Amino acid sequence: MAAPPIRKLPPNFLWGFATASFQIEGSTDADGRGKSIWDDFSRTPGKVADGRNGDDATNSYKLWREDVALLTKYGVKTYRFSLSWSRIIPLGGRNDPINPKGIEFYSNLIDALLANGIVPFVTLYHWDLPQALHDRYGGWLNKDEIVQDFTRYARVCFEAFGDRVKYWLTVNEPWCVSILGYGRGVFAPGRSSDRNRSSEGDSSTEPWIVGHNVILSHAHAVKAYREEFKTKQGGQIGITLNGDWQMPYDDSPENVAAAQHALDVAIGWYADPVYLGHYPPYLHQMLGARLPTFSDAEWKVVKGSSDFYGMNTYTTNLCRAGGDDEFQGFVDYTFTRPDGTQLGTQAHCAWLQDYAPGFRSLLNYLYKRYRMPIYVTENGFAVKNESSLPRDLAIKDTDRVNYYRGVTASLLSAINDDGVDVRCYLAWSLLDNFEWADGYVTRFGVTYVDYATQERIPKESSAFVVKWFKERTQPAVPDLKLLSKSSSMSSTLSKPSLTTNPVPAPTFVGKLKAWVSRHLTAIISFLNFGSRR
Ligand code: PNW
């Protein structure tokens with residue numbers, strides 16, 4: 001019997017790989033760059049597992065042309081990277097000078113990507129806060145200052161790059177910024193109540209204040225983009241949130257409730273304000289007066305402040321009620337099922353196992369709850385002990401290939417069977433790189449980096465991902481949303497149709513809805529666009 005035809009992704013689906021400035025650039029004192037909070041933090045003994053820092057990383061500040069050549073060879077549609085705030089404004093603040101060399105670096109990168117047909121997908125903030133802002137006023141802890149400084153930084157970027165950049169992410173993974181930086185104290189700036197870890201910090205209040213201020217800063221940057229740039233530049237802008245699927249350990253009511261609580265704290269903390277206009281009730285219940293409040297005027301800026309749902313996800317947790325970890329919503333996570341078996345293949349990091357069905361469930365959950373088109377902006381796997389293998393064995397990364405095989409199948413089912421409006425998939429990461437507090441031992445790349453020589457060697461997973469997406473890509477149709485002069489039209493029309501079940505059955509109606517929601521937008525945009533000119 002002939003093989004069934006390969007099911008395709010929607011037209012104009014974006015796929016590619018992602019990185020972040022501090023994880024790849026190195027050259028931390030080149031060309032006038034100011035320090036970021038990760039510079040000294042990563043140099044402090046005990047903060048990074050292998051004792052190494054970000055001074056060299058993958059040397060992409062110097063080797064960026066090689067990175068672009070690699071992306072071109074892979075044939076990606078898009079490349080997600082982040083801007084280093086302190087390269088662009090070395091001291092960070094709204095009255096501080098702009099560094100032309102910083103602008104020039106990213107401008108050249110953007111031009112080179114476009115010259116090779118690669119869409120730049122740009123993150124403004126991927127954790128490398130200018131050190132000067134932390135020293136000056138406490139960085140993310142100081143609402144009045146940081147909102148203004150972040151908004152000015154965003155404006156500088158829109159002005160310098162917005163003629164060519166049509167996909168913007170404001171902040172990457174605010175849960176990690178707040179909890180890991182100001183709660184657990186394992187990421188810069190490393191503040192925590194744990195005095196063995198930090199001489200400063202209050203883990204019971206600071207993470208929630210920081211989260212609140214990140215939301216407001218994001219929202220003001222989006223407001224500036226929509227009011228001052230979007231009409232002319234025609235791009236999309238949103239926030240991207242980390243969040244893994246949370247599955248009840250068993251069907252006891254308390255564990256079913258626990259899984260929802262875990263979602264509320266990991267995702268709802270940010271997504272509910274941005275998309276629904278309120279904090280999750282469970283967060284109010286858990287934090288009481290420790291949860292900061294927005295004024296009515298602030299809520300107006302926050303609610304609806306993202307054109308899409310930016311989703312970073314890696315794993316699935318089995319959830320049991322209880323435990324003492326407020327940052328997980330007083331939910332215990334495990335990968336061991338009640339029958340003693342493991343959920344999936346263990347990665348190099350303790351928090352990550354491979355469980356592809358969770359990816360599909362999460363897409364359905366987010367689409368049903370927030371009703372936004374979804375851009376998967378990070379997803380990937382670190383093969384256990386990859387660093388201890390010689391490189392010709394490390395590049396045969398079977399566990400990573402299996403991971404991507406699973407999630408891509410889930411992606412296709414979510415789109416084609418469940419009707420979830422997913423428009424982008426970015427694998428983390430283009431390269432092995434500086435994995436924050438884990439240093440260089442944990443490798444997430446689809447490309448192996450030999451740190452002694454900075455050689456880049458494609459792993460088998462890159463071949464899998466590239467082939468999978470190429471086989472399922474349809475001929476592009478003009479993206480009229482981006483050409484349209486109207487800023488509100490695209491976001492109204494791109495609202496997906498509603499589904500009612502977390503994992504809706506693949507009914508004919510479901511498929512029809514999915515088709516309509518995908519194609520009607522383009523058709524109506526086209527008609528509107530035509531009549532506006
Ligand atoms: C994300 N966790 O970080 C980041 O956006 C990337 O910079 C990073 O390299 C990638 O995922 C892989 O870790 C995370 O502890 C860091 O659950 C930690 C966690 C999740 C995501």
Side-chain angles (χ1 to χ4, degrees), residues 17-25 36-38 41-42 47-49 54 57-58 60 80-84 121-129 169-188 207 214 239-246 262-263 265-267 269-270 310-317 319 325 327-329 331 333-335 346-355 358-359 362 375-384 386 400 403 407 426-447 449 461:
F17 301 110
T19 62
S21 48
F22 195 78
Q23 295 182 271
I24 65 163
E25 288 178 0
S36 84
I37 52 171
W38 270 94
F41 183 82
S42 67
K47 301 297 184 194
V48 176
T58 65
S60 288
R80 175 183 170 213
F81 60 96
S82 81
L83 308 177
S84 154
F121 206 122
V122 177
T123 315
L124 291 172
Y125 186 75
H126 201 126
W127 307 355
D128 42 359
L129 183 78
L169 294 170
T170 52
V171 179
N172 179 72
E173 301 191 348
W175 184 95
C176 289
V177 173
S178 317
I179 300 297
L180 304 180
Y182 298 79
R184 301 205 202 286
V186 294
F187 281 9
V214 168
I239 194 165
T240 195
L241 307 178
N242 56 299
D244 296 321
W245 182 235
Q246 310 288 3
L263 288 165
V265 177
I267 295 175
W269 174 12
Y270 295 97
M311 164 174 150
N312 288 359
T313 195
Y314 287 86
T315 196
T316 294
N317 297 304
C319 295
D325 193 345
F327 304 145
Q328 291 174 189
V331 175
Y333 292 173
T334 178
F335 290 131
Q346 180 63 49
H348 197 75
C349 349
W351 55 269
L352 173 50
Q353 283 197 358
D354 175 4
Y355 184 69
F359 184 81
L362 181 64
Y375 294 9
V376 178
T377 47
E378 272 182 39
N379 179 241
F381 191 78
V383 175
K384 197 168 172 58
E386 198 171 277
R400 189 177 287 105
Y403 180 91
V407 290
L426 296 162
W428 183 272
S429 175
L430 173 66
L431 303 169
D432 291 333
N433 58 44
F434 177 70
E435 180 50 28
W436 308 110
D438 281 3
Y440 295 89
V441 175
T442 301
R443 291 173 178 265
F444 271 93
V446 297
T447 313
V449 176
S461 57

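Counting starts at 1 for both ligands and their atoms, in listed order. The model shown is predicted, which means the values in this text are computed figures rather than measured ones.
Between Ser178 and Trp269 there is a side-chain heavy-atom pair separated by less than 4.5 Å.
Note: no N/O pair closer than 3.5 Å links Asn242 and ligand 1 by distance alone.
Against a heavy-atom cut-off of under 4.0 Å, Asn172 is close to the following atoms of ligand 1: 5 (O). Atom numbering of ligand 1 starts at 1 in the shown order; those under 4.0 Å from a heavy atom of Tyr314 are 10 (C), 11 (O), 12 (C). Listed by atom number, the atoms of ligand 1 under 4.0 Å from His126 heavy atoms are 4 (C), 5 (O), 6 (C), 7 (O).
Of the candidates Phe444, Tyr333, Trp351, Trp436, it is Trp351 that places a heavy atom closest to atom 20 (C) of ligand 1. Residue Trp127 holds the heavy atom nearest to atom 16 (C) of ligand 1 of all those in Trp428, Trp127, Phe22.
Considering His348, Arg443, Arg400 as possible partners of Glu386, the one that fulfils the side-chain hydrogen bond (donor to acceptor under 3.5 Å, both in side chains) test is Arg400.
When non-hydrogen atoms are compared, ligand 1 lies under 4.0 Å from neither the backbone nor the side chain of Asn433.
Here the protein heavy atom with the shortest distance to atom 3 (O) of ligand 1 is Glu173 OE1, 3.2 Å. Taking atom 12 (C) of ligand 1 as the reference point, the nearest protein heavy-atom neighbour is Glu435 OE2, 3.3 Å.
At distances below 3.5 Å, not a single donor-acceptor pair connects side-chain atoms of Arg80 with backbone N or O atoms of Leu426.
A ring-centre distance under 6.0 Å is found for Tyr314 and Trp351.
Ring geometry for Phe22 versus Phe434: interplanar angle over 60°, hence perpendicular rather than tilted (30 to 60°).
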Take Leu352 and Phe444, measure what side-chain contact (heavy atoms from CB on, under 4.5 Å) needs, and give me the verdict at the end. CA-CA 12 Å; Leu352 173 50; Phe444 271 93; 3.7 Å; yes
With side chain to side chain donor-acceptor pair (under 3.5 Å) as the criterion, how do Thr316 and Asp244 come out once you've worked through the C-alpha distance, each side chain's angles and the decisive distance to 0.1 Å? CA-CA 5 Å; Thr316 294; Asp244 296 321; over 6 Å; no
